[in-house]
Engineer: 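Questions regarding the structure given below will be posed in turn.
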Amino acid sequence: MAGKVKREKWSENFSEWYNELIETAGIQDKRYPVKGMNIWLPYGLKIMRNIERFIHSEMERTGHEEVLFPALIPETEFQKEAEHIAGFEGEVFWVTHAGHDPLDIRLILRPTSETAMYSMFSLWIRSHADLPFKVYQIVNTYRYETKHTRPLIRVREISRFFEAHTAHDSYEDAERQIREDLEIFDRLAKFLAIPYIISKRPDWDKFPGAYYSLGAEIMMPDGRTLQIGTMHNYRQNFAKAYDIKYETEEGEHEYVHQTTFGMSERLLAAVMAIHGDDNGLVLPPTIAPIQVVVVPIPKKDAEADVFAYAREIAEELRNAGIRVHVDERDIRPGRKYYDWELKGVPVRIEVGPRDVEGRKAVIARRDTLTKEVVERAEIVEAVRKTFDGIMDNLYNRAKEFLESHIKRVDTIEEAKAVFEDRRGIVEIPWCGSEECGLKMEEELDAKMLGTPYPEEKARIEGKKCPVCGREAKFIARFARTY
RNA sequence: GGGGCCGUAGGGUAGCCUGGUCCAUCCUGCGGGCUUUGGGAGCCCGUGACCCGGGUUCGAAUCCCGGCGGCCCCA
């Protein structure tokens, strides 16, 4: 069924494929004269907004309130949590002057908002009745990335940074929050038809200031992984640094437990990369700004009929709540097909004189590039069914891709063999020591993503750490990452 | 941190080694005209560029120095 779909460039020359598509599909213009800062173009922004709309509705559903904090943070606030500063100070942008005069207290452009928010949390949170306290925002954040920047993936201005921050009366309730975050993430991933894995980060790679960190990864076409979501349990680390206390029912004063949940425009990068092919974007209907494009195929003497028929079909689809566009440009139909394929429109309806006469239409699917003839009367139903088929197909194809790139091995040699072609994720037994973990990172020239979450105890029975030979306590995942 | 390559219209490129033949090639895009319309049609006209600064020279896209920017490899 997918015989016409080509993914040669997509898999063999992913970087080039991606960079071209960002511009040709109208996602972003990367010619802005500051490295790592790009311009959202209307089409790309519409897709991103559709992703965010779903995030907002999930936040609403789970009782998070939206807030907006300033982008500037005084250095005195920023420096309150030691690990956090250590983790970020090398990559923050400083505001040191106002006009000609140096500032008494310098400001940073937020790289993330913990240090902006938490002194306010300490003012807002008074009582156990205020807990759990759950807020979120979607804002731009700034990090002076020194590695290669890449649109949507590694940027110096993350322009759609989602961050949910919560405070709780106990570690257990914070853990419940992490489970809720995982559930929200799962629903979002299904909405985008992207399969993923969750790993608990090793201690040396957790978020600066966190007690532990979870990361959600997807498999990119070139076999590297991309982190698209994180959940952190801070325990009371930040609460102690920012003095966030509440009064218990017994009148005691206790520090809150905190969590965060983060995502960004990398979600769009993931959608582009996972579903795309050599013809361009392939958007899940859930987020496509245009879900159906109607292309009239005029014949000289029947032009008016064909256009009227196309508009009539579009109107009916629109009334059924479908985002539809009629392409009435005066260019040849073939050219239109290529244009809309590039932009990833999930369904194209072609109507020509033959269809007008026979009361039919041709439905073409973007994911498989196949066509089918449907009756005019059944068009809304046929389009809906096609959407479902596309969602299923996209998800299943991507899941197969992800799973076929995860290899379970027991020795360093086997792991090295997997990375020979620089592709995939290796799962290998591990004793849990930092020394052995770092040793494996070095040997494999790959990063430890962490250990499967939730833990998979059964899989390590009788296994040994391939570095030290001691009994394995975990499965460790390694991959080349973005 | 170390090394290498590169910067020419909106995008992609030729020219650079061996300075003059270059008011800079071709493709694409964009504007216009004729013609066409079930998978990027054709022809014609038009539009648009040598990263910045300094130097060498009668003469610099081309050689030299510096800056800025991009890409790649190694650690």
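First the proteins, then the strands, lettered A, B, ... as listed; each starts at 1.
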Engineer: Tell me what Arg329(A) touches on the nucleic acid: a base, only sugar-phosphate, or nothing, going by heavy atoms under 4.0 Å.
Structural biologist: nothing
Engineer: At under 4.0 Å between heavy atoms, what does Lys30(A) touch on the DNA or RNA strands: base, sugar-phosphate, or nothing?
Structural biologist: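 Contact class for Lys30(A): none.
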Engineer: Calculate the interatomic distance between Arg335(A) atom CZ and rG42(B) atom C1'; express it in whole Å.
Structural biologist: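 To the nearest whole Å, that distance equals 15 Å.
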Engineer: What's the spacing between Asp305(A) CG and Glu357(A) CD if we round to 0.5 Å?
Structural biologist: 10.0 Å
Engineer: For a quick check of understanding: with a heavy-atom distance under 4.0 Å over all strands, which category does Val295(A) fall into, base, sugar-phosphate or nothing?
Structural biologist: nothing
Engineer: If you find the nucleotide of RNA chain B closest to Val34(A) and the one closest to Tyr337(A), which residue's nucleotide is nearer the 5' end?
Structural biologist: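 Its nearest nucleotide lies further toward 5', so the answer is Tyr337(A).
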Engineer: Could you give the distance separating rG40(B) and rC5(B) at their C1' atoms, to the nearest angstrom?
Structural biologist: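 To the nearest whole Å, 35 Å.
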Engineer: A quick test of your reading: do over 12 heavy atoms of other residues, nucleotides or ligands sit less than 6.0 Å from OH of Tyr32(A)?
Structural biologist: no
Engineer: Which value, in whole Å, describes the distance between the C1' atoms of nucleotides rA60(B) and rC23(B)?
Structural biologist: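 Comparing C1' positions in rA60(B) and rC23(B) gives a spacing of 15 Å.
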Engineer: Just checking Asp355(A): base, sugar-phosphate only, or nothing, at a heavy-atom cut-off of under 4.0 Å?
Structural biologist: base
Engineer: Using heavy-atom distances to pick each residue's nearest nucleotide on RNA chain B, tell me which of Lys35(A) and Asp445(A) is more 5'.
Structural biologist: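 Nearest-nucleotide comparison on RNA chain B picks Lys35(A).
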Engineer: For Glu114(A) and Thr112(A), what are the C-alpha separation, side-chain angles and deciding distance, and is it a side-chain hydrogen bond (donor to acceptor under 3.5 Å, both in side chains)?
Structural biologist: CA-CA 6 Å; Glu114(A) 281 74 4; Thr112(A) 172; 2.6 Å; yes
Engineer: Once you apply a heavy-atom cut-off of 4.0 Å, does Lys336(A) come out as touching a base, just sugar-phosphate, or nothing?
Structural biologist: nothing
Engineer: Taking donor-acceptor contacts at under 3.5 Å, does the side chain of Asp339(A) reach the base of rG39(B)?
Structural biologist: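 In this structure, the two groups form no donor-acceptor pair.
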Engineer: Take atom OH of Tyr338(A) and atom P of rG38(B), then tell me their distance rounded to the nearest Å.
Structural biologist: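 Value for this atom pair: 12 Å.
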Engineer: To the nearest Å, how far apart are Trp340(A) CH2 and rG40(B) P?
Structural biologist: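 Those two atoms, CH2 and P, are 19 Å apart.
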Engineer: For Phe191(A) and Phe54(A), take the angle between the two ring planes, folded into 0 to 90°, and tell me which bin it lands in: parallel under 30, tilted 30 to 60, perpendicular over 60.
Structural biologist: parallel
Engineer: As a test of your reading of the structure, name each stem of RNA chain B as range with range, where a stem is three or more consecutive Watson-Crick or G-U pairs at under 3.5 Å.
Structural biologist: B:1-7 with B:68-74, B:10-12 with B:26-28, B:29-34 with B:42-47, B:51-55 with B:63-67
Engineer: Which whole-number value in Å describes the distance from Leu342(A) CG to rG29(B) P?
Structural biologist: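 It works out to 13 Å between those atoms.
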Engineer: Any N or O donor-acceptor pair linking the side chain of Glu341(A) to the base of rG40(B) at under 3.5 Å?
Structural biologist: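 Check fails, no donor-acceptor contact within cut-off.
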Engineer: Under 6.0 Å from the ring centre and within 45 degrees of the ring axis: does the NZ or CZ of Arg156(A) meet both conditions for the six-membered ring of Tyr144(A)?
Structural biologist: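 Judged by the rule (NZ or CZ under 6.0 Å from the ring centre, within 45° of its axis), Arg156(A) counts as positioned above Tyr144(A).
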Engineer: Say we look at rG33(B) and rG38(B): how far apart would their P atoms be, to the nearest angstrom?
Structural biologist: 22 Å
Engineer: What integer distance in Å separates Asn279(A):CG from rG40(B):C1'?
Structural biologist: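 Going from Asn279(A) (CG) to rG40(B) (C1'), I get 12 Å.
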Engineer: Between Arg480(A) and Asp445(A), does a salt bridge (charged side-chain N to carboxylate O under 4.0 Å, His left out) hold up when you go through it step by step?
Structural biologist: CA-CA 8 Å; Arg480(A) 294 202 163 88; Asp445(A) 189 21; 3.7 Å; yes
Engineer: Please report, rounded to the nearest Å, how far the P atom of rG69(B) is from the CE atom of Met37(A).
Structural biologist: 13 Å
Engineer: Could you tell me if the ring centre of Phe88(A) sits under 6.0 Å from that of Phe207(A)?
Structural biologist: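 For Phe88(A) and Phe207(A), the ring centres are under 6.0 Å apart.
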Engineer: If I take atom CG in residue Asn13(A) and atom P in nucleotide rC72(B), what distance separates them, rounded to the nearest angstrom?
Structural biologist: 11 Å
Engineer: Is the base of rG69(B) touched by the side chain of Arg31(A) through a donor-acceptor pair closer than 3.5 angstrom?
Structural biologist: no
Engineer: With rounding to whole Å, what would you report as the distance between rC71(B) and rU56(B) at their P atoms?
Structural biologist: 34 Å
Engineer: Please report the distance, rounded to the nearest Å, between CG in Asn19(A) and P in rG70(B).
Structural biologist: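 Those two atoms, CG and P, are 13 Å apart.
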Engineer: In whole Å, what separates the C1' atom of rU35(B) from that of rC44(B)?
Structural biologist: 11 Å
Engineer: Please indicate whether Lys35(A) has more than 12 foreign heavy atoms, meaning atoms of other residues, nucleotides or ligands, lying under 6.0 Å from its NZ.
Structural biologist: yes
